[in-house]
Amino acid sequence: MAHEVKTTCPYCGVGCGVIARVGDDGAVSVKGDPEHPANFGRLCSKGSALAETLDLDGRLLHPEIGGRRTSWDEALDLVAEKFSQSIAEHGPDSVAFYVSGQLLTEDYYLANKLMKGFIGSANIDTNSRLCMSSSVAGHRRAFGSDTVPGTYEDLELADLVILTGSNMAWCHPVLYQRLASAKANRPDMKVVVIDPRRTMTAEIADVHLAIAPDSDTALFNGLLAHLSESGAIDLDYVSAHTQGFAEALQAASALDIPALSEATGLAPKQLRDFFRLFETTEKVVTCYSQGVNQSSAGTDKVNAILNCHLATGRIGRPGMGPFSLTGQPNAMGGREVGGLANMLAAHLDIDKLVDRDLVRRFWGAPSIAAKQGLKAVDMFRAVADGRIKALWIMATNPVVSMPDADAVEAAIKACPFVVVSDMQRQTDTARHAHVALPSLGWGEKDGTVTNSERRISRQRAFLPAPGEARADWWQLAEVARRMGFAEAFSHSSQSEIFAEHAALSGFENDGRRDFDISAHAEIEPADYNGLAPFQWPQPKGTAPQVKRFFAKGGFYHPDGRARFIAVQSPQARRANEAFPLTLNTGRVRDHWHTMTRTGKSARLSSHLAEPFVEIHPRDAQKAGVSVADLVMLESPHGTAIVRALVTERQAEGNLFVPMHWNDQFASKARIDALVPPVTDPVSGQPASKNVAVRAKRFAAKAYGFAVSAEKPEQFEAAYWAIAKADGGWRMELAFTDTHADWIDWCRQAFSISPDIDPIGYTDRTSGELRLAFFDGDRLLAALFLSPRPVAVARNWAVSQLGVSHANLSKRFAMAAGRPGADKPDPGATVCSCFSVGVNQITTAIREGCHSVEAVGEKTSAGTNCGSCRSEIRGIINACLAAAAE
Ligand SMILES: Nc1nc2c(c(=O)[nH]1)N[C@H]1C(S)=C(S)[C@@H](COP(=O)(O)OP(=O)(O)OC[C@H]3O[C@@H](n4cnc5c(=O)[nH]c(N)nc54)[C@H](O)[C@@H]3O)O[C@H]1N2
Ligand SMILES: Nc1nc2c(c(=O)[nH]1)N[C@H]1C(S)=C(S)[C@@H](COP(=O)(O)OP(=O)(O)OC[C@H]3O[C@@H](n4cnc5c(=O)[nH]c(N)nc54)[C@H](O)[C@@H]3O)O[C@H]1N2
Ligand code: SF4
Ligand SMILES: [Mo]
């Protein structure tokens with residue numbers, strides 16, 4: 001029977017409410033939940049496409065040992081036995097868990113409880129180490145607790161919103177849309193974007209400061225010094241609620257304006273204008289994300305920002321405060337349960353005996369880890385050198401996402417016992433598992449997540465468990481029981497685990513800890529099922545509330561005062577003579593991390609269908625790279641081959657490559673293979689955004705583009721990248737050898753039977769070759785080959801997989817790679833909701849549509865989820881600027 005279920009989006013930390021509808025025929029559709037306080041009904045492109053990612057293609061549906069199907073009992077017995085054996089022979093620190101901010105709080109809570117309380121080691125770390133750990137460390141240094149003081153509404157109430165190291169338009173799209181509409185309603189509101197490259201986020205900005213990589217500390221130190229000189233310090237707040245201002249100010253005053261200009265690459269006037277804007281605007285929110293966290297000075301960057309807000313007392317009041325944007329759907333929940341190797345559950349401190357004792361008593365645990373465990377980069381080092389002998393990886397794909405990824409892969413391959421819990425059978429990491437455990441995915445699993453504004457929401461199941469897949473918490477509890485900890489892991493539902501977690505948050509708390517949701521300590525399953533989104537804290541006996549922290553002090557250091565941190569501004573310049581370019585890495589709009597889910601959606605895959613490098617025209621010229629060439633990138637750690645996207649949005653000397661592509665989708669694009677394992681000394685977070693590399697043209701003899709109804713599996717190519725398309729697959733190719741028989745190559749790659757002959761032609765002078773294979777009127781595959789990057793109307797070619805080719809001239813048009821005059825090529829997809837291409841948008845602009853709204857009216861682009869609105873704005877600006885020249 002058709003039914004609707006309220007749940008939460010499994011992608012970014014905005015944490016949007018989703019209503020999933022399962023139709024009579026079992027078909028799922030999703031829409032935004034108008035009542036959810038994070039999104040009020042909006043969804044971005046990824047959220048809107050959730051239903052397209054739920055198929056069972058490639059799912060791991062049964063437990064496997066050594067690649068062979070087995071029973072749950074056998075798999076769980078083996079995991080428990082191997083872990084227990086390693087602990088007995090080599091001690092508790094010889095085993096480790098590497099988990100994820102994509103686990104639900106209930107899963108995460110049990111993983112942490114098992115490792116820290118019962119195994120007795122703190123060797124549990126998480127991909128949050130690569131994501132939020134500098135923010136956590138910065139918060140704890142300044143506030144004495146890992147607290148995000150504000151709420152989303154503050155972005156709408158502010159008069160100045162600073163976005164630094166955040167590509168919010170693409171990474172927190174619904175929050176960005178809330179900001180964009182607040183600014184449209186109140187045009188006096190100012191937005192400043194601080195990012196070395198001009199991202200789509202900058203399209204609504206009044207000011208874009210293209211700072212030199214890693215010069216944020218210098219910039220915010222300069223700001224603090226300016227605030228002091230201009231008398232903008234809130235002396236009452238500073239003296240009543242803080243410590244260490246003088247030292248911080250002294251460190252901040254080290255650079256004068258010319259030195260700051262040199263350090264940040266910004267003109268003195270840009271610096272002064274920015275400083276003055278901050279000085280004269282009381283309601284300021286500073287949002288920051290990975291451009292701040294993922295740095296060898298990430299924690300210092302965080303504290304440089306917090307210093308400015310503490311000094312002006314602009315914290316915890318409506319429209320004011322620093323705001324760390326969390327990445328993953330449950331990055332915040334993971335911090336609450338103490339999932340990091342240097343934390344303890346419920347925001348307690350692993351370095352404090354009293355805190356350890358409190359948790360041990362609450363859990364009734366035999367022993368509790370007495371010291372911090374290994375942080376992600378060190379953990380994989382310990383795997384590599386044999387100190388860790390049994391490793392359980394859950395809901396993360398480190399062979400793609402860890403720095404020095406090739407070394408991480410080698411370590412995993414060499415590890416005596418590796419367990420991987422995932423939804424997908426074939427990931428770059430899962431392929432090396434000794435034991436693979438099938439986990440439930442979004443729509444099947446049930447529990448809670450916490451978003452960036454401390455709001456806890458339910459993810460609810462609306463689909464049956466596929467095959468034998470089981471929840472991650474169940475897997476952990478079963479292994480714990482088999483290791484002899486049955487009593488402490490007797491939970492029969494996620495509701496019981498949540499209640500225990502809530503009870504621990506209130507246990508001997510008395511207001512001493514920020515995280516307290518003990519109002520839910522005795523929650524019954526029925527109430528848990530119906531639980532409405534609420535923000536923490538919510539102590540016992542209180543109703544849900546909107547809470548901001550620290551407006552009147554009340555910090556969590558023992559004296560109740562915040563700490564200013566004196567931070568220096570040394571430049572982390574890594575580029576050098578041999579590796580002269582600075583590689584920056586991050587995200588694109590329509591893919592999520594290692595693409596195990598978004599890679600299933602043709603719509604999402606059409607926005608950017610291939611791994612690429614953004615490169616400035618002068619750097620391209622120096623490297624001998626022309627538009628659409630392939631580029632070989634090299635660092636001392638690894639290499640990658642990606643497409644050149646030559647653009648002035650990128651600063652000279654800097655490159656940007658997305659983190660998403662991996663061995664399942666491209667021949668050589670795992671960009672983390674190039675990233676050195678350099679980490680922040682305080683947080684242990686890797687510096688994923690400042691990597692010294694060199695670039696050169698990848699010399700290919702032939703370039704290809706192909707579409708195919710079946711997924712190509714067996715083929716030879718020096719470069720390939722594959723993406724899901726409507727009705728099949730699309731592929732970019734390059735060859736360093738020319739194959740004698742391309743027809744044969746196609747037959748192998750696209751599994752085409754020998755009785756089917758292609759239609760096509762070869763042009764001997766230009767060296768172009770076209771081949772198309774039909775089964776009756778249905779296109780099976782087509783290959784377009786050229787000595788130069790192939791010029792073919794790609795989206796049109798892809799669309800031919802779904803149309804009838806009954807008439808012969810249509811088949812020849814296919815082979816020619818050119819649409820007929822009646823069917824113009826839409827160009828690369830901009831709006832994935834309505835599949836509107838860039839050519840359609842520029843046509844609309846030429847016809848007089850000069851606003852995002854007008855383009856939307858004409859083409860529908862940008863009128864559903866709105867994620868592409870800043871790109872449309874960018875295209876309009878570029879077209880109008882070109883027309884004016
Ligand atoms: N579409 C999409 N959205 C996502 C995700 C996804 O995979 N896809 N992942 C989610 C996750 S887990 C996370 S953590 C967030 C990340 O969200 P963001 O942090 O917004 O995303 P990134 O692209 O990693 O990096 C942000 C920006 O930092 C800039 N930057 C690089 N170096 C510096 C620097 O030295 N200083 C400054 N100020 N800026 C710099 C980069 O140019 C980049 O534009 O996104 C979340 N949302
Ligand atoms: N160079 C570079 N590297 C980076 C970054 C960067 O900006 N640049 N960003 C870093 C950041 S911020 C992050 S958060 C990481 C993300 O990196 P990862 O965590 O490695 O990326 P995901 O693709 O999200 O991996 C999640 C895995 O869990 C599986 N999965 C999904 N749901 C479930 C579930 O419910 N249970 C289980 N057991 N499995 C599930 C998915 O199929 C997938 O294999 O990458 C980091 N690495
Ligand atoms: S902004 Fe998009 S990806 Fe993030 S939670 Fe909302 S719908 Fe999901
Ligand atoms: Mo992240």
Side-chain angles (χ1 to χ4, degrees), residues 8-18 30 32-33 36 38-39 42-50 100-102 126-133 135 162-178 193-202 209-217 219-220 264 287-295 297-298 301 305 324-331 396 401 449 451-452 457 571-572 582-595 597-598 604 607 614 649-651 654 656 658-660 687-690 865-867:
T8 310
C9 178
Y11 296 124
C12 83
V14 178
C16 296
V18 174
V30 299
D33 178 354
H36 197 287
N39 57 318
R42 293 180 171 104
L43 291 180
C44 75
S45 49
K46 293 181 299 302
S48 314
L50 271 167
S100 162
Q102 290 165 79
T126 130
N127 62 2
S128 276
R129 182 68 59 198
L130 322 176
C131 180
M132 302 315 305
S133 60
S135 275
I162 300 168
L163 305 174
T164 181
S166 156
N167 186 7
M168 201 195 239
W170 280 9
C171 296
H172 297 91
V174 166
L175 191 56
Y176 182 76
Q177 287 176 35
R178 285 180 62 170
V193 170
I194 305 171
D195 193 311
R197 57 189 190 119
R198 188 174 168 84
T199 60
M200 285 305 152
T201 302
L209 300 176
I211 56 163
D214 273 340
S215 62
D216 308 66
T217 306
L219 181 67
F220 283 89
T264 58
C287 297
Y288 55 94
S289 188
Q290 299 315 344
V292 168
N293 294 339
Q294 286 172 342
S295 160
K301 289 186 185 188
I305 295 169
S324 153
L325 297 166
T326 55
Q328 299 178 89
N330 202 26
T396 177
S401 55
V449 290
N451 74 2
S452 296
S457 299
Q571 206 83 4
T582 299
L583 170 69
N584 167 11
T585 63
R587 290 154 174 80
V588 303
R589 191 189 77 192
D590 287 356
H591 275 306
W592 177 262
H593 295 165
T594 71
M595 300 165 73
R597 288 174 286 160
T598 47
L604 295 180
H607 180 238
E614 281 179 12
R649 300 180 80 95
Q650 184 60 265
N654 293 359
F656 177 85
M659 63 167 291
H660 309 291
S688 329
K689 296 212 165 357
N690 183 344
C865 81
S867 297

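Whatever order the structure lists them in is the order used to number ligands and atoms, beginning at 1. Just so it is clear, the values below take in all heavy atoms, side chains as well, and ignore hydrogens, waters and symmetry mates.
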Flag, side chain of Asn451 to backbone of Val14, donor-acceptor distance under 3.5 Å: yes

Element-labelled atoms of ligand 1 that are located less than 4.0 Å from some non-hydrogen atom of His660: 7 (O)

Within-cut-off N or O pair, Ile194 and ligand 1, under 3.5 Å: yes

Heteroatom proximity flag, Gln294 to ligand 1, N/O under 3.5 Å: no

Backbone of Val588 reached by a side-chain donor or acceptor of His660 within 3.5 Å: yes

Arg597 side chain near Pro10 side chain, heavy-atom distance below 4.5 Å: yes

Per atom 19 (O) of ligand 1, closest listed option by heavy atom (Ser289, Ser45, Ala212, Cys44): Ser289

Contact atoms of ligand 1, heavy-atom distance to Gly586 under 4.0 Å: 23 (O), 24 (O)

Backbone or side-chain N or O of Cys171 under 3.5 Å from ligand 1 N or O: yes

Donor + acceptor pair across side chains of Gln290, Asn167 (<3.5 Å): no

Proximal candidate to atom 25 (O) of ligand 1 [heavy atom criterion; set Arg198, Lys689, Lys46]: Lys689

Under 3.5 Å: N/O of Gly165 near N/O of ligand 1: yes

Sub-4.0 Å atoms of ligand 1 with respect to non-hydrogen atoms of Cys131: 14 (S)

Test of proximity, Val588 against ligand 1: N or O pairs below 3.5 Å: yes

Proximity to ligand 1 by part of Lys301, non-hydrogen separation under 4.0 Å: side chain

Side-chain touch Arg178/Asn39, heavy atoms, less than 4.5 angstrom: no

Location of contacts on Phe656 toward ligand 1, heavy atoms closer than 4.0 Å: neither

For His591, atoms of ligand 1 separated by under 4.0 Å from a heavy atom: 1 (N), 2 (C), 6 (C), 7 (O), 8 (N)

Option with minimal heavy-atom separation from atom 33 (C) of ligand 1, where the choices are Pro196, Ser128, Ser100: Pro196

Test of proximity, Asn167 against ligand 1: N or O pairs below 3.5 Å: yes

Sub-3.5 Å N/O-N/O distance, His593 and ligand 1: yes

Ligand-residue contact atoms, ligand 1 with Thr199, heavy atoms, under 4.0 Å: 44 (O)

Protein residue, atom and distance nearest to atom 38 (N) of ligand 1, heavy-atom basis: Asp216 OD2, 2.7 Å

Test item: Gln177 side-chain N/O and Cys44 main-chain N/O as donor-acceptor pair under 3.5 Å: no

Asp214 and Lys301: CA distance, side-chain angles, deciding distance, salt bridge (charged side-chain N to carboxylate O under 4.0 Å, His left out) verdict: CA-CA 9 Å; Asp214 273 340; Lys301 289 186 185 188; 2.7 Å; yes

For Leu43 against Cys865, the heavy-atom pair lying closest together: O-CB, 3.0 Å

Closest to atom 44 (O) of ligand 1 among Asp195, Val193, Leu163 (heavy-atom distance): Asp195

Region of Arg589 engaging ligand 1 - heavy atom pairs below 4.0 Å: backbone

Protein residue, atom and distance nearest to atom 13 (C) of ligand 1, heavy-atom basis: Gly327 CA, 3.2 Å

Worked verdict on Cys16 versus His36 for side chain to side chain contact (heavy atoms under 4.5 Å, CB included): CA-CA 7 Å; Cys16 296; His36 197 287; 6.0 Å; no

Asn584, any N or O under 3.5 Å of ligand 1 N or O: yes

Thr326 versus Ser452, side-chain donor and acceptor atoms under 3.5 Å: yes

Shortest non-hydrogen contact between Ser45 and Asp590, atoms and distance: OG-OD1, 2.6 Å

Residue pair Ala331 / Gly327: nearest heavy atoms and the distance that separates them: CB-N, 4.4 Å

Ligand-residue contact atoms, ligand 1 with Trp170, heavy atoms, under 4.0 Å: 1 (N), 2 (C), 3 (N)

Atoms in ligand 1 with a heavy atom of Pro213 nearer than 4.0 Å: 35 (O)

Check: Val193 and Leu209 side chains under 4.5 Å, non-hydrogen atoms: no

Of Ile194, Asp216, Leu325, Asn293, the residue whose pairing with Tyr288 passes side chain to side chain contact (heavy atoms under 4.5 Å, CB included): Asn293

Ligand-side contact atoms (ligand 1) for residue partner Gln328, heavy atom cut-off under 4.0 Å: 12 (S)

Test item: side-chain donor near acceptor, Ser401 and His593, under 3.5 Å: no

Flag side-chain contact, heavy atom, 4.5 Å: Pro173 against Arg42: no

Close side-chain approach of Trp592 and Leu604, heavy atoms under 4.5 Å: no

Verdict with supporting geometry, Trp170 and His591, ring-ring contact (aromatic ring centres under 6.0 Å, His included): CA-CA 10 Å; Trp170 280 9; His591 275 306; over 10 Å; no

Closest protein heavy atom to atom 14 (S) of ligand 1, given as residue, atom name and distance to 0.1 Å: Gln290 NE2, 2.8 Å

Close N or O approach (His172, ligand 1; < 3.5 Å): no

Total protein N/O/S atoms whose distance from atom 4 (Fe) of ligand 3 is less than 2.8 Å: 1

From Arg587, Met200, His607, Met659 - option closest to atom 16 (C) of ligand 1 by heavy atom: Arg587

Contact partition for Asp214 relative to ligand 1, non-hydrogen atoms under 4.0 Å: both

Nearest neighbour in protein (non-hydrogen) for atom 34 (C) of ligand 1: Gly291 O, 3.4 Å

Side chain Thr201, main chain Met168, donor-acceptor under 3.5 Å: yes

Close side-chain approach of Asn654 and Arg197, heavy atoms under 4.5 Å: no

Side-chain donor-acceptor contact under 3.5 Å, Ser135 with Ser324: yes

